[in-house]
Amino acid sequence: MNLTTKVLLAMAAGIIVGLGINVLGLAAEGSFIQFYLVDGLFHIVGKIFVNALKMLVVPLVLLSLISGVCGIGDIRLLGRIGSKAFVLYMLTTAVAIASALIVAGVFGIGKGLNAESASTFEGAEAPALSEVLINIVPSNPISAMAQGEMLSIIFFSILVGISLLMVGKKAENLIAGVEVANEVMMKMVGIIMSLAPYAVFCLLAKAMAQLGLDLFVQLIGYVVVLIFVLLLHLFVTLQATLMVFSGLNPMTFLMKMRNTQVFAFSTSSSNATIPVTLRTVVQRLGVDRSVASFTVPFGATINMDGTAIMQGVATVFIANIYGVELGLGGYLTVIVMSVLASVGTAGVPGVGLIMLSMVFTQVGLPLEGIGLILGVDRLLDMVRTAVNVSGDGVVSAIVAKSEGKLDRSIFDDPDAGVVTPGAVVLPHGTTA
Ligand code: ASP
């Protein structure tokens with residue numbers, strides 16, 4: 001059985017077990033199952049796994065980007081890759097939110113509901129755009145790395161790469177060293193991925209055990225429309241974009257991205273998924289490392305199609321509930337704000353709600369409205385994160401293809417880069 005099958009089975013099992021615990025009411029506060037399984041085993045194993053993924057993010061981005069820049073060797077090309085990726089990321093996000101506003105508007109979700117049940121929600125502080133821009137240049141790269149500030153790390157790594165190239169011959173050994181170190185990190189990604197089936201089971205069982213199912217029933221219109229638009233974006237908009245801009249086969253793309261989507265779904269974090277996305281994009285889709293090492297972390301930070309869709313649907317939903325007329329100007333503001341907000345916030349769990357409070361403040365919707373959808377956000381966060389990372393994959397493939405940096409033989413080979421579980425082969429032939 002290959003890893004993808006195992007992970008998918010683990011995912012299904014985790015969902016069934018978690019929902020079973022939830023429906024049977026076994027996860028009551030202080031119960032045995034809650035204490036030892038949900039908050040015990042599931043929590044610990046899941047958290048360890050997410051930590052292990054996060055552990056790789058900073059060194060991996062740093063090393064792969066430095067060696068990527070050295071691999072490109074041409075600063076103008078780097079600029080072109082950067083601009084193409086940026087434009088595509090912004091464009092897909094804008095399309096995502098526009099389609100969310102349209103579909104949610106057509107269905108008129110939230111009409112006829114009243115706001116009385118609203119709980120309170122404190123609008124969280126979202127970073128100002130000026131702050132985001134200033135912080136791209138870290139005053140202290142070590143602290144940027146310690147904090148996982150992705151844009152600063154990207155900036156620093158690119159500059160190191162460029163400087164290494166400029167030093168030239170003397171730096172050759174160092175460049176070779178960085179390449180080896182990068183390979184070591186990639187191996188670590190493979191090792192950690194091979195443990196995924198157990199972790200995915202635990203992460204999902206815990207998340208599902210804690211779902212508020214009765215809330216889902218109350219908010220069914222919101223949930224169904226949101227998931228519908230997310231799937232529409234994933235299977236139609238993104239795949240059409242891939243086909244039109246690169247001519248690549250969407251079926252192959254989707255099949256190869258499945259693993260990454262499950263990781264994003266289980267961790268609810270595009271950032272924690274970076275190692276897996278990077279590995280998939282390079283080793284399964286055939287995108288050259290020099291392109292992927294930039295587009296993947298950049299996308300995890302600034303590209304959030306799924307999150308933008310949530311914002312569009314939530315805006316229409318809450319506006320209808322509170323009887324606020326947004327008008328065309330209001331909707332355009334929502335589109336611009338969401339796109340900007342997605343640049344300023346990193347891909348970590350639940351950040352979409354912070355961005356949403358930014359959007360609401362701008363268009364004058366009551367922040368307490370967010371309290372209404374808070375209870376169902378956990379599951380929706382999982383789905384939208386899977387859409388977010390798929391967008392990163394699509395753009396990486398398009399940019400690489402357009403620069404002649406996509407290896408078709410890897411893309412077309414169904415078995416390229418698959419992780420074989422349990423096959424951590426040491427040089428002397430023993431298997432760990
Ligand atoms: N969890 C999402 C991500 O990491 C962001 C969000 O929508 O909250 O991509």
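A quick note: this is a predicted structure, and the numbers were derived from the prediction, not measured. Atoms within each ligand, like the ligands themselves, are counted from 1 in listed order.
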S.K.: Around atom 2 (C) of ligand 1, find the nearest protein heavy atom and jot down its residue, atom name and distance.
M.R.: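 Result for atom 2 (C) of ligand 1: Thr385 OG1, 3.3 Å.
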
S.K.: Report yes if the side chains of Ile81 and Ile72 come closer than 4.5 Å at any heavy-atom pair, otherwise no.
M.R.: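 The answer is yes, as the side chains (C-beta and beyond) meet within the 4.5 Å cut-off.
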
S.K.: Whether the side chain of Ser31 engages the backbone of Leu26 through a donor-acceptor N/O pair (distance < 3.5 Å, no angle test) should be reported.
M.R.: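 The answer is yes, because a donor-acceptor pair under 3.5 Å joins these two groups.
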
S.K.: Where on Ser270 is there a heavy atom closer than 4.0 Å to ligand 1, on the side chain, on the backbone, on both, or on neither?
M.R.: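 For Ser270, backbone and side-chain atoms both sit under 4.0 Å from ligand 1.
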
S.K.: Any idea which part of Asn388 is under 4.0 Å from ligand 1, heavy-atom wise: side chain, backbone, both or neither?
M.R.: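 Near ligand 1, Asn388 shows its side chain, while the N, CA, C and O stay back.
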
S.K.: Heavy-atom distances under 4.0 Å are what count here, so tell me which part of Met310 touches ligand 1: side chain, backbone, both or neither.
M.R.: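 Neither; no heavy atom under 4.0 Å.
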
S.K.: With atoms numbered from 1 as shown, which atoms in ligand 1 lie under 4.0 angstrom from a non-hydrogen atom of Gly347?
M.R.: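 The list of qualifying atoms is 3 (C), 4 (O), 9 (O).
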
S.K.: Could you tell me whether Asp288 and Lys401 have a side-chain N and a carboxylate O separated by less than 4.0 Å?
M.R.: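 No.
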
S.K.: I'd like to know whether CZ of Phe49 has more than 12 heavy-atom contacts from other residues, nucleotides or ligands below 6.0 angstrom.
M.R.: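 Correct, the count exceeds 12.
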
S.K.: Which of the numbered atoms in ligand 1 are under 4.0 angstrom from any heavy atom belonging to Ser269?
M.R.: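 Listed by number with element: 4 (O).
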
S.K.: Quick check: do Val394 and Thr92 have side-chain heavy atoms less than 4.5 Å from each other?
M.R.: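 Of all side-chain heavy-atom pairs linking Thr92 with Val394, none is under 4.5 Å.
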
S.K.: Quick check: closest heavy atoms across Leu248 and Ala397, and the distance to 0.1 Å?
M.R.: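 Answer, listing the atom of Leu248 first, then Ala397: CD1-CB, 4.0 Å.
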
S.K.: Under 4.0 Å from a heavy atom of Gly352: which atoms of ligand 1 are those, numbered in the order shown and with their elements?
M.R.: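 In order of number, 6 (C), 7 (O), 8 (O).
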
S.K.: Could you tell me, atom by atom, which parts of ligand 1 come under 4.0 Å of a heavy atom of Ser268?
M.R.: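 Taking each heavy atom of Ser268 in turn, ligand 1 has 1 (N), 4 (O) under 4.0 Å.
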
S.K.: Would you check if the distance from the ring center of Phe253 to the ring center of Phe411 is below 6.0 Å?
M.R.: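 Between Phe411 and Phe253, which both carry aromatic rings, the centre distance is not below 6.0 Å.
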
S.K.: Specify the protein heavy atom at minimum distance from atom 1 (N) of ligand 1: its residue, its atom name, and the distance to 0.1 Å.
M.R.: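 I find the closest protein heavy atom is Asp381 OD1, 2.8 Å.
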
S.K.: Any side-chain heavy atom of Ile410 sitting closer than 4.5 Å to one from Gln283?
M.R.: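 Sidechains of Gln283 and Ile410: no contact.
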
S.K.: For ligand 1, which atoms sit closer than 4.0 Å to a heavy atom of Thr307?
M.R.: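 Once the distances to Thr307 are compared, the set is 5 (C), 6 (C), 7 (O).
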
S.K.: Is ligand 1 under 4.0 Å from a heavy atom in the side chain of Val348, in the backbone, in both, or in neither?
M.R.: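 Near ligand 1, Val348 shows its backbone, while the atoms from C-beta on stay back.
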
S.K.: List the closest protein heavy-atom neighbour of atom 5 (C) of ligand 1: residue, atom name, distance to the nearest 0.1 Å.
M.R.: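 Checking every protein heavy atom, the shortest distance to atom 5 (C) of ligand 1 gives Val351 CG1, 3.4 Å.
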
